[in-house]
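In what follows, a single structure is set out as structure tokens and then discussed.
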Amino acid sequence: MSKLFSVNSTVFKCLKTLHSRSTRGFSVAHGRTLSLKGRSCLTLKDFSPEEIKKLLWVSGDLKHRIKHGKEYLPLLQGKSIAMIFEKRSTRTRMSTETGFALLGGHPCFLTSQDIHLGVNESCKDTARVLSGLCDIVLARVYSHSTLEELDKEASIPIINGLSDLYHPIQILADYLTLQEHYGSLNGLTISWIGDGNNILHSFMMSAPKLGVHLKIATPKGYEPVKSVIQEAQRLSRQHGTQLILTTDPMEAARDSNVLVTDTWVSMGQEEEKAKRLKDFHGYQITMETGSVANPDWMFLHCLPRKMEEVDDEVFYSSRSLVFPEAENRKWTIMGLMVSLLTDYTPKTPILKF
């Protein structure tokens, strides 16, 4: 009897330890009661560690229940979303439009030919009009200030579908992809090798909150925005994570779990292409780059991808998570929209962070 009690006691302790590790500072009770309903999402800078984890938990839950469990969850039935696109996109449009419809809602796609923000009608007036016509707005814009004005004047949630400063919905998909692959985010090292752009800014505003270390390599003159660097340094100190900035891609890649890059020439920068390609020489991610990384290293790219950024050997290899990453754009935007519009509580076990 004493031996049986000892075994059961050991099992109980193991389960308790696993549960403790799985939450990584994220209280299950708090997670279930934490509400983001009515909030906007312009940048993950505005979200606490618990709130980001809640978004990922909801996203993983919806993916499990809908994709794997074949459940029909009309959580957004009777609701509509206005999708404003100043800049074209495959993944942002498809993930948002199909995701909102899958949840029972009605998406309305608006191009620059349908709606001219600040041209035919002011952002202020547009925000107020849309607040009376739909339940939420996703805007993919050139200037982040456009989003800030929309959010200031609207009475409904505004989602940043991309701006010159941040791309939060991409980073949520990246985190869900890494959580699925590694089983946990805490303690991972992500190495960014490329331009100091909106994707990198979003990593910098969120990675420390999840216990993720960042190593950043950008050519001289292409560093992240100074104010973003300063805030990222503050967050790293607060959360005890590492933040390294360098101009050497191999230094950034050393001992890293994840190698990440993005386009070197974004929309609107076409005239700079020749200069940028010259300045980014040596920044292509190859198996040689990976040779100094951690043995378990994987690769991410938000797409679309060009050969100069990463070669085929890496991009199409078993180390590449780019296509699961692209699919997770759908599940994370669904999780975000559900969180901002409802008080939905996940039914599946909490993710390990």
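Quantities reported herein were computed from a predicted structural model and do not represent experimental measurements.
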Give the minimum heavy-atom separation between [X] and [Y], together with the two atoms involved.
X: Arg319; Y: Met298; value: O-CE, 3.1 Å
X: Thr218; Y: Asp195; value: CG2-C, 4.1 Å
X: Leu340; Y: Leu36; value: CD2-O, 3.6 Å
X: Ser48; Y: Glu51; value: N-OE1, 2.9 Å
X: Ser80; Y: Asp135; value: N-OD2, 2.8 Å
X: Leu200; Y: Gly196; value: CD2-CA, 3.7 Å

Would you mind checking if Lys209 and Glu50 are paired as a salt bridge, meaning a charged N to carboxylate O distance below 4.0 Å? no
Would you mind checking if Asp312 and Arg305 are paired as a salt bridge, meaning a charged N to carboxylate O distance below 4.0 Å?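 Salt bridge flag = yes for Asp312 with Arg305.
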Scan residues 322-337 for pairs that pass salt bridge (Lys or Arg N to Asp or Glu O under 4.0 Å), counting only residues two or more places apart or in two chains. Lys67-Glu327
The reported gap from CG in Leu103 to NZ in Lys79 (rounded to nearest 0.5 angstrom) is 12.0 Å
For Leu133, side chain to side chain contact (heavy atoms under 4.5 Å, CB included) partners two or more places apart: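 Once residues adjacent in sequence are excluded, the partners of Leu133 under the side chain to side chain contact (heavy atoms under 4.5 Å, CB included) criterion are Val129.
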Can you find a pair of side-chain heavy atoms, one from [X] and one from [Y], that are under 4.5 Å apart?
X: Thr92; Y: Met83; value: no
X: Asp174; Y: Ile171; value: yes
X: Leu56; Y: Leu185; value: yes

Once ring pair (Phe, Tyr, Trp, His ring centres under 6.0 Å) is applied, do any residues pair with Tyr316, and if so which ones, sequence neighbours excluded?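 Partners of Tyr316 by the ring pair (Phe, Tyr, Trp, His ring centres under 6.0 Å) criterion come out as none, since no residue qualifies.
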Arg93 NZ/CZ over Phe85 ring centroid, <6.0 Å and within 45° of normal: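 Because its charged atom misses either the 6.0 Å distance or the 45° angle limit, Arg93 does not stack over Phe85.
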Cation-aromatic face contact Arg39/Phe47, 6.0 Å, 45 degrees: yes
Going through the distances and angles, do His144 and Tyr166 end up as a ring-ring contact (aromatic ring centres under 6.0 Å, His included)? CA-CA 8 Å; His144 193 75; Tyr166 297 113; 5.4 Å; yes
What is the ring orientation for Tyr283 with Phe280, classed by angle as parallel under 30°, tilted 30 to 60°, or perpendicular over 60°?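 Perpendicular, since the angle between the ring planes exceeds 60°.
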Let me check something: do Met337 and Leu62 share a hydrophobic cluster, defined by ILVMFWY side-chain heavy atoms less than 4.5 Å apart, either directly or through other members? yes
